[in-house]
Amino acid sequence: MSWLGVLGVDHPWALLLAPLAALPFFASPLRLSATPSDDLAPDDPLSAGLGAALAAAGCIALAGLALGLAGLHLREQSVERRGVGANVALLIDRSSSMDSTFANRLPDGAEESKSAAARRLLTDFASRRPADRVAVAAFSTSPMPIIPMTDEHEAVRAAIAAIDQAGLAKTDVGRGLLLAFSMFDASSSESSRAIVLVSDGAAVIDRRVQDALRDAAAKSPASLYWLFLRTEGSKGIYDAPAAGEEDSPFSNPERHLHIFLKSLGLPYRAFEARSPGDVSDAMREIDRLEQRPTLYRQKLPRRDLAPWCYGVASFGLALLLAAKLLERRLEEAPSDASVPEPAR
Amino acid sequence: MSFRPDLRFWALAAALVLALAALWGPTAQAERPVYNLVAFIDITMSMNARDQTQDGRPQSRLDAVKERLTAAAARLPCGTKMGLGVFTERRSFMLLAPLDVCKNFTAFAGAVSGVTWRMAWEGDSRVSSGVFEALRLGRAIDADVLFFTDGQEAPPLRTDIPLSYDADGPAAARGLLVGVGGDQPTPIPKYDDFGREIGFLEMSDVPQESRIGPPPADAESRPGYNARNAPFGEMPAGEEHLTSVREPHLQELARLTGLGYARMGAPDALAEAIAANARPTAKPVRIGLAVIPAGLALAILVALYAAPLAARRRSGRRAQTA
């Protein structure tokens, strides 16, 4: 059954021609004798064998042609391979501030926007790592799953390609992270899960969402990377406010998100990037850290078997033609034959 | 002892030559129309109305769109690219750049099935703004737009202000506006903060009339009018909390923008409507011609084997009648 499962045909109706392959067992392309009786000849196993072989040759010729016409092929398959990579959930900020540059200006020819830089470097990152399984989600005012965990890297590129389109208003990072935790499926091995959060800001995480995130972190542990695209003039992750200044998630959301993520008890790294070059370095660092054994599926493209069918058919036809070439008429038999000329 | 080829020999020889020709695999250059599309799905509240059916069970409009879109995408010619976006409030938002649907079908289907009303960031539903923005997004990546919506504007459009569309591009847009929903007014499910369904929208839950723009000229004569506190008068009674597909509005939008309009039907009809309204690009493909020699070889071989059988039957019948 597993073999039938991998074989496919393009035109099933052509399989209706396959029973014609039984014809050679009822008729022969060799010349008909005027006296078609075996009784005249002695029992000869060699002749009987040759007869059966010729019938079989005709059979494979007909069957080969019919299967070739039906378009027999090996279906596209995926094989499980072991590789070095990770199951990565990419969580990308699509808030409108991502559309400005690191210097907080509208992108011009000289300087690209944060989202364009993220797009370019994430595409690089994904194409460097063929053994990864990747899921992509975006978040802004609401979390949005884009591509579920997949091996299809072209789809991952398409999802990353959309991130420099215009974004939305807010940055609901908490629910975004919750979504990212939920994107690991059963077939993503637990030892190699990673969440890569790319954002240029943070926001207060609701107390209930914080609890849900702690639960999710305990249930499906993953290493966590936060790539913080720090805009010029904005507060950083590590800057503690000066004495006397307010220090709360409302005034310093980035610093407090960092403190919260550290408290989850997961392997966690934060990268503060102030330029596309910093982002590139951070991606390389994540690339280096996330080298774990993974199972991923590689696609084997469909393989046409029609040429093989036609080859087999040609072989059968060649045998028949050879038999035809060796064919002699009864009356041409050597004159000293002991077989008497049949009476007419 | 001379070899004298007969008709059967030549037939076999011809079959062998044809089979070898099929093995060699002749091909011809041909062209196939492919499309470059982005499908935008309306995820506003009215799309949760359950007025579609699947296998005799009620189905929400959004679920119907997701199912039909995936099935229609599978019916478009291979090489067609499709992206994905959502619409709510007054914005269309691109999730996925166009990708080859044939090659990445699992991922595309996964992306479509991941679209939920919970992605929506605002409650408004300015369908016309959404369509205009979708066209802008599509033009930026040179893709035609598919827009799935029930056409229900919330708040409703002002009837006294005509709809206008400023196409800031030279070419008329191509693509398809797909009307989703039934003709009967249907209640819209209502959800709480945790996404649990808690009944249906009531008349007072939604604006029954637009409050955008200056008050209409007859505002002073309306009940409850107060120049400072209620310049539009009282909110009138209405049926905006019920939903049905607003075909005239969608047809007008289609006329304004140059899009085609179709009511969402079976996947085959949807794929046909898409093919009829999107710009086809000719993609060169190689078609195998091996079936021609192979078919001929098969015909010759079958004739070769069947001829003696037919002759035997004929002679047998002759023997019987004699």
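Naming convention: chains lettered A, B, ... in sequence-line order (proteins, then strands); numbering from 1 in each chain.
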Item checked: Contact origin within Leu20(A) toward chain B - heavy atom pairs under 4.5 Å -> side chain
Check: Side chain, backbone, both or neither: which part of Tyr305(B) has an atom under 4.5 Å from a heavy atom of chain A?
Finding: both
Check: Counting distance only, does the side-chain N/O of Ser125(B) pair as donor-acceptor with the main-chain N or O of Val127(B) below 3.5 Å?
Finding: no
Next item on the list: Side-chain contact test, heavy atoms from C-beta onward, threshold under 4.5 Å: evaluate it for Ile205(A) versus Val173(A) and give yes or no.
Entry: yes
Item checked: Flag, side chain of Arg75(B) to backbone of Ala71(B), donor-acceptor distance under 3.5 Å -> yes
Next item on the list: Please look at Ala61(A) and chain B and tell me whether the side chain, the backbone, both or neither of the residue comes under 4.5 angstrom of a heavy atom of that chain.
Entry: both
Checklist line | Among Val302(B), Val112(B), Leu304(B), residue most engaged with chain A (heavy-atom pairs, under 4.5 Å) | finding: Val302(B)
Notebook entry, point to check: Which of the residues Leu99(B), Leu298(B), Val291(B) is involved in the greatest number of heavy-atom pairs with chain A at under 4.5 angstrom?
Noted result: Leu298(B)
Item checked: Between Ala158(A), Pro143(A), Ala162(A), the one whose heavy-atom pairs under 4.5 Å with chain B are most numerous -> Ala158(A)
Item checked: Under 3.5 Å side-chain donor-acceptor pair for Thr27(B) and Arg286(B) -> yes
Checklist line | Region of Thr116(B) in contact with chain A, defined by heavy-atom distances below 4.5 Å | finding: neither
Notebook entry, point to check: Who among Gly114(B), Ala294(B), Gly110(B) has the most heavy-atom pairs with chain A under 4.5 Å?
Noted result: Ala294(B)
Item checked: Backbone of Tyr35(B) reached by a side-chain donor or acceptor of Lys81(B) within 3.5 Å -> no
Margin query: Is Ala120(B) close to chain A through its backbone or its side chain, or both, or neither, when contacts mean heavy atoms under 4.5 Å?
Written below: backbone
Check: Looking at Phe87(B) versus Phe147(B), is the centre-to-centre ring distance below 6.0 Å?
Finding: yes
Check: Are any of the side-chain heavy atoms of His73(A) and Asp10(A) separated by less than 4.5 Å?
Finding: yes
Next item on the list: Indicate yes or no for a side-chain donor-acceptor contact from Asn104(B) to the backbone of Phe108(B) under 3.5 Å, with no hydrogens or angles considered.
Entry: no
Margin query: Strictly distance-based, threshold 3.5 Å: is any side-chain N or O of Glu197(B) a donor or acceptor partner for the main-chain N or O of Tyr191(B)?
Written below: no
Notebook entry, point to check: Which answer fits Leu84(B), side chain, backbone, both or neither, if we ask what part of it has an atom under 4.5 Å from a heavy atom of chain A?
Noted result: neither
Next item on the list: Mark yes or no for whether Thr80(B), through its side chain, and Leu76(B), through its backbone, hold a donor-acceptor pair below 3.5 Å.
Entry: no
Notebook entry, point to check: When heavy-atom pairs shorter than 4.5 Å are enumerated against chain B, which of Cys309(A), Gly68(A), Ala313(A), Ala318(A) gives the highest number?
Noted result: Ala318(A)
Margin query: Among Met149(A), Arg208(A), Arg94(A), which residue has the highest count of heavy-atom pairs closer than 4.5 Å to chain B?
Written below: Arg94(A)
Item checked: Toward chain B, the part of Ile163(A) with a non-hydrogen atom under 4.5 Å -> neither
Check: Gly25(B), Ala19(B), Gly85(B), Pro98(B): which one forms the most heavy-atom pairs within less than 4.5 Å of chain A?
Finding: Ala19(B)
Notebook entry, point to check: Is it the backbone or the side chain of Ala138(A) that comes under 4.5 Å from a heavy atom of chain B, or both, or neither?
Noted result: neither
Notebook entry, point to check: Who among Lys103(B), Met119(B), Arg118(B) has the most heavy-atom pairs with chain A under 4.5 Å?
Noted result: Met119(B)
Check: Is the closest side-chain heavy-atom distance between Val134(A) and Leu90(A) below 4.5 Å?
Finding: yes
Item checked: Selection from Ile160(A), Leu69(A), Thr150(A), Asp151(A) maximising heavy-atom pairs under 4.5 Å formed with chain B -> Leu69(A)
